[in-house]
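For reference, the structure is listed below as structure tokens.
This is a predicted model, so every value here is computed, not measured.
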Amino acid sequence: MSDKDKKVEKTLEFRIDRIYKMAKEHFGEVKFVGIKRHKKIGWIAKAQFDEFDSLVAEGENAEDALRNLRKRLRKIIERYNMA
């Protein structure tokens with residue numbers, strides 16, 4: 001069985017750890033990465049940094065919010081690397 005055949009179960013903890021590691025590699029110190037449920041908006045994923053403003057993304061469920069936060073972080077890193 002090759003590595004591509006293995007399916008990694010992407011739990012919320014796995015997604016949060018992946019976002020945390022990505023942010024720490026690029027920005028340095030990260031205060032926290034997490035999700036919460038807001039009554040009116042829905043699920044909100046947030047990454048908070050020491051020296052920068054926090055990044056926030058919304059989604060219909062917790063997975064969507066984390067996925068959107070990861071996409072947003074990836075776009076910022078790609079733009080930074082282009083400059």
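- Rounding to the nearest 0.5 Å places NZ of K24 at 12.5 Å from CG of D17.
- Hydrophobic clustering of Ile, Leu, Val, Met, Phe, Trp and Tyr side chains at less than 4.5 Å, counting indirect connections, unites V33 with F52.
- Expressed to the nearest 0.5 Å, how far CZ of R74 lies from CZ of R79 amounts to 12.5 Å.
- At least one side-chain heavy atom of H26 sits less than 4.5 Å from a side-chain heavy atom of Y80.
- Looking only at distances, no side-chain donor or acceptor of D50 sits under 3.5 Å from a matching main-chain atom of E29.
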Let's go through L66 and F14 carefully: what are the C-alpha distance in whole Å and the side-chain angles of both, what is the deciding distance for side-chain contact (heavy atoms from CB on, under 4.5 Å) to 0.1 Å, and is it a yes or a no?
CA-CA 10 Å; L66 288 170; F14 174 80; over 6 Å; no
Please walk me through it: do R67 and R70 pass side-chain contact (heavy atoms from CB on, under 4.5 Å)?
CA-CA 5 Å; R67 192 176 296 126; R70 184 168 176 263; 5.8 Å; no
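- A side-chain donor-acceptor contact under 3.5 Å links R72 to the backbone of V56.
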Begin with the C-alpha distance, continue with both residues' side-chain angles, and end with the deciding distance and a verdict on side-chain contact (heavy atoms from CB on, under 4.5 Å) for L73 and M22.
CA-CA 8 Å; L73 183 63; M22 183 188 306; 3.7 Å; yes
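- Going from atom NZ of K46 over to atom CG of L69 covers 11.0 Å, rounded to the nearest 0.5 Å.
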Checking side-chain contact (heavy atoms from CB on, under 4.5 Å) for the pair L55/I76: CA distance, chi angles, key distance, verdict?
CA-CA 10 Å; L55 292 176; I76 291 169; 3.6 Å; yes
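- Between the CZ atom of F32 and the CD1 atom of I16 there is a distance of 10.5 Å, given to the nearest 0.5 Å.
- Among all heavy-atom pairs drawn from W43 and E60, the shortest one is CD1-O, 3.4 Å.
- Tracing side-chain contacts under 4.5 Å through hydrophobic residues (I, L, V, M, F, W, Y), one never reaches I44 starting from V30; they form parts of separate clusters.
- Relative orientation of the F27 and F49 rings is tilted, given thresholds of 30° and 60° on the angle between their planes.
- Separating the CZ atom in R18 from the NZ atom in K10 is a distance of 5.0 Å, to the nearest 0.5 Å.
- Between A65 and A45, the shortest heavy-atom distance links the atoms O-CB, 3.4 Å.
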